[in-house]
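Below, read A as the first sequence line, B as the second, and so on, with proteins coming before strands; counting in each chain starts at 1. Everything numeric here is computed off the predicted structure, so don't read it as measured data.
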Amino acid sequence: MAWRKIACSKTELDLGVTLICGQSFRWKETAPGEWTGVLKNLVWNLKQSDDLLFYKTLEESPAASSDLTQEDILKDYFQLHVNLSKLYEQWSSDDPNFKSKASSFRGVRILRQDPVENLFSFICSSNNNISRISGMVERMCEEFGTSLGEYEGLHHYSFPSIESLAKGSVEQKLRKLGFGYRAKYINQSARFIMENHSEHWLHNLRKLPYNEAKSELMKLCGVGAKVADCVCLMSLDKNDVVPVDTHVWQIAQKYLPSLRSSKTITPQVYNAVGNHFRELWGEYAGWAHSVSLHRIVYNF
DNA sequence: AATGGACCTCT
DNA sequence: GAGGTCCAT
């Protein structure tokens with residue numbers, strides 16, 4: 001199948017960074033400058049030039065998956081309607097640190113992910129690192145997802161349904177797959193959602209204001225403030241949310257000396273840090289956070 | 001409301 | 001000890 005293309009500047013989207021920086025854990029660089037992953041139950045291949053985004057899929061969109069064209073699916077996933085260059089200008093003028101340390105890392109965007117994949121992937125993220133999380137998510141999809149076919153020797157699977165993660169045997173199976181104590185969190189959260197809500201409940205949280213969506217998420221086992229914020233930002237359209245991890249906290253302490261007295265991230269500290277960056281960076285603060293705080297990048 | 005320890009597995 | 005959460009003080 002031939003490559004198709006969308007006009008898209010590399011300064012608006014840097015595929016390599018955006019796909020593997022710890023938002024989604026399912027994209028692989030299958031050839032230099034070429035990434036393969038699953039989106040909307042299709043296997044995609046992506047690459048880019050300075051001003052074009054190229055894509056192809058293993059199959060045409062199944063009829064069931066609707067009126068969205070593949071171009072629409074990608075535009076939505078990468079949120080291409082958001083003018084990133086303009087945001088970089090705003091963050092640079094509002095924050096000298098952003099300007100000097102982060103503004104040259106162009107094209108880092110927040111993906112608009114599926115809330116189910118986003119939630120269950122991030123339940124895996126506690127005390128963990130990107131490469132191990134990626135392996136865990138892959139094994140979870142292989143075990144509980146459905147096959148989407150083979151592409152260049154690699155098998156691909158859908159992300160498991162909540163229903164499939166709610167079954168009784170899931171915790172034990174996940175433990176065998178190396179999930180450790182997170183196995184229970186995943187199974188219990190899935191079960192809680194199926195018993196109290198439905199498969200679509202997570203999607204519908206998009207309609208709620210940030211605070212309500214967050215507190216709903218935090219009722220789930222294994223979902224604290226940080227994971228809930230990641231889900232709000234990365235799949236529930238809460239663009240101004242800044243998830244506070246230990247790294248963000250360390251940096252914030254340099255700007256908010258009052259926080260230094262605290263030994264750990266208490267709820268109060270958590271909110272103070274989040275609010276600080278939200279006020280500093282504005283409506284798309286969570287996006288600025290993804291640019292500045294991606295490990296390698298920000299070294300104050 | 002804040003603190004300390006435990007939790008799986010891997011580095 | 002780790003990009004976090006839970007549970008007990």
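- Counting heavy atoms of neighbouring residues, nucleotides and ligands inside a 6.0 Å radius, atom CD of A/Glu199 exceeds 12 of them.
- B/dC8 and C/dA8 have their P atoms separated by 15 Å, with the value rounded to a whole Å.
- Across all strands shown, A/Ala225 has heavy atoms under 4.0 Å from sugar-phosphate atoms exclusively, and none from any base.
- Contact annotation: side chain of A/Arg132 to base of B/dC10, donor-acceptor pair absent below 3.5 Å.
- The side chain of A/Thr264 has B/dT3 as its nearest neighbour among B/dA2, B/dT3, C/dG4.
- If you take CG on A/Asp114 and CZ on A/Phe120, they are separated by 10.5 Å, rounding to the nearest 0.5 Å.
- Look at the P atom in both B/dT11 and C/dT5: the space between them is 22 Å, to the nearest Å.
- Taking side-chain N and O atoms only, A/Ser262 has a distance below 4.0 Å to OP1 or OP2 of B/dT3.
- DNA chain C is contacted by both A/Thr246 and A/Met218; A/Thr246 maps to the nucleotide lying nearer its 5′ end (nearest heavy atom per residue).
- When rounded to the nearest whole Å, the span between CH2 of A/Trp249 and C1' of B/dA2 equals 12 Å.
- Distance A/Leu174 CG to B/dT9 P: 12 Å, rounded to the nearest Å.
- Between B/dA2 and C/dG3, the distance separating the two C1' atoms is 22 Å to the nearest Å.
- Computed from coordinates, the A/Arg182 CZ to C/dC6 P distance equals 13 Å when rounded to whole Å.
- The base of C/dG3 lies outside donor-acceptor range of the side chain of A/Asn129, with no N or O pair under 3.5 Å.
- Atoms CD (A/Glu171) and C1' (B/dC8) sit 12 Å apart, rounded to a whole Å.
- Crowding of A/Glu283 atom CD: a count of heavy atoms from other residues, nucleotides or ligands under 6.0 Å not exceeding 12.
- The shortest distance between side-chain heavy atoms of A/Glu142 and A/His155 does not fall below 4.5 Å.
- The interatomic distance linking A/Leu233 (CG) with C/dG3 (P) rounds to 19 Å, in whole Å.
- If you check every strand for non-hydrogen atoms under 4.0 Å, A/Leu220 touches sugar and phosphate atoms only.
- Residue-environment remark: CD (A/Glu150) exceeds the threshold of 12 foreign heavy atoms within 6.0 Å.
- Distance A/Tyr270 OH to C/dC6 P: 13 Å, rounded to the nearest Å.
- Residue contacts shown for A/Arg175 are limited to sugar-phosphate atoms, with no base heavy atom under 4.0 Å away.
- Aromatic ring pairs are classed by plane angle as parallel below 30°, tilted from 30° to 60° and perpendicular above 60°; the pair A/Phe98 and A/Tyr88 is perpendicular.
- A/Met136 places its CE atom 15 Å from the P atom of C/dG4, with the value rounded to the nearest Å.
- If you check the side chains of A/Thr36 and A/Asn45, you find a donor sitting under 3.5 Å from an acceptor.
- The distance between atom NZ of A/Lys184 and atom P of B/dC7, rounded to the nearest whole Å, is 11 Å.
- Enclosure of atom NZ in A/Lys28 is not indicated, since only 12 or fewer non-hydrogen atoms of other residues, nucleotides or ligands lie within 6.0 angstrom.
- The A/Lys263 side chain lies nearest to B/dG4 when the options are B/dG4, C/dG4, B/dA2.
- Distance from the side chain of A/Gln268 is smallest to B/dA1 among B/dC8, B/dA1, C/dT5.
- The residue among A/Val223 and A/Asn128 whose nearest nucleotide of DNA chain C lies closer to the 5′ end is A/Asn128.
- Remark: the A/Tyr181 side chain and the C/dG4 base include a donor-acceptor N/O pair separated by less than 3.5 Å.
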inquiry  = Just to be sure I follow the notation: if a pair is Watson-Crick (purine N1 to pyrimidine N3 plus N6-O4 or O6-N4) or a G-U wobble (N1-O2 and O6-N3), each under 3.5 Å, what dot-bracket string does DNA chain C give, with | for pairs to another strand?
reply    = ||.||||||
